[in-house]
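When reading the values below, keep in mind they use all heavy atoms of this one structure, side chains included, and skip hydrogens, waters and symmetry mates. The residues of the chain are indexed from 1 along the displayed sequence.
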Amino acid sequence: MEPVTLLAGVLVLLGLLGIVVPLLPGLPLVWAGALLWAVSVHTAGAWLVLGLVSAVAVLGMVLKYVLPGRHLRSSSVGTPTMLAGVAVGVVGFFVVPVVGGVLGFVLGIFLAELLRLRSTAAAWPSTVTALKAVGLGMLVELAAGFAMAGTWVVGLLTVG
């Protein structure tokens, strides 16, 4: 196995890990591995594989935000509440490495709903919905990552 292919595989694996541990940019790393491989192989088949991986990456990145957002909106979690969740999530990402973004997002949702509804009991269902939305986003991203990695592996085995 060539060193470039090995490095591409490491990038793909790091990307898949980055989806589960939100410290690394998951899908961009998987895509970068496929790009590195396509540039080194430099055949029409490799470029086709990169095109397919790119399409899945774009679809995955769009769906990982659209589907959870739709889920949150359908459960009466409004835009101001989501913005509060995102804002506290960004702060949490820097305060608590690895899991701070997710924890901050959920805390932001809870606090915004607590301020809006004035009741812990009423704010909790929105928080649970936010947790489900985070899980849905992660599942969508993981599915896209595995589809990208699988496409790359098939290309690696068939194109070389």
Smallest heavy-atom separation, S126 atom then E113 atom, equals OG-OE1, 2.9 Å
Cluster link L63 to V53, ILVMFWY, side chain under 4.5 Å: no
So how far is it from H42 NE2 to W47 CH2, rounded to the nearest 0.5 Å? 6.5 Å
Evaluate the side-chain proximity of L29 to L24: yes if any heavy-atom separation is below 4.5 Å, no if none is. yes
Identify the two heavy atoms, one from G60 and one from A144, that lie closest to each other, and give their separation to 0.1 Å. CA-CB, 3.7 Å
How many angstroms lie between CG in L16 and CG in L142, if you round to the nearest 0.5 Å? 7.0 Å
Once rounded to the nearest 0.5 Å, what's the spacing between atom CG of L103 and atom CG of L107? 8.5 Å
Is there a chain of hydrophobic side chains (I, L, V, M, F, W, Y, each step under 4.5 Å between heavy atoms) that links L27 to L136? no
Are M61 and M148 linked, directly or through intermediate hydrophobic residues, by side-chain heavy-atom contacts shorter than 4.5 Å (ILVMFWY only)? yes
From T81 OG1 over to L117 CG, what is the distance, rounded to the nearest 0.5 angstrom? 8.0 Å
Beyond-backbone contact of L131 with F110, side-chain heavy atoms, under 4.5 angstrom: no
Closest contact, heavy atoms only, A38 versus A46: CB-O, 3.7 Å
Would a hydrophobic clustering, with Ile, Leu, Val, Met, Phe, Trp and Tyr connected at side-chain separations under 4.5 Å, put L50 with V153? yes
Can you measure from CG (L139) to CD1 (I19) and round to the nearest 0.5 angstrom? 11.0 Å
Heavy-atom closest pair (A34 atom, W152 atom, distance to 0.1 Å) is CA-CD1, 3.8 Å
Is there a path of hydrophobic side-chain contacts, each under 4.5 Å between heavy atoms of I, L, V, M, F, W or Y residues, that connects L52 with V12? no
Have T5 and W37 got a donor and an acceptor in their side chains that come within less than 3.5 Å? no
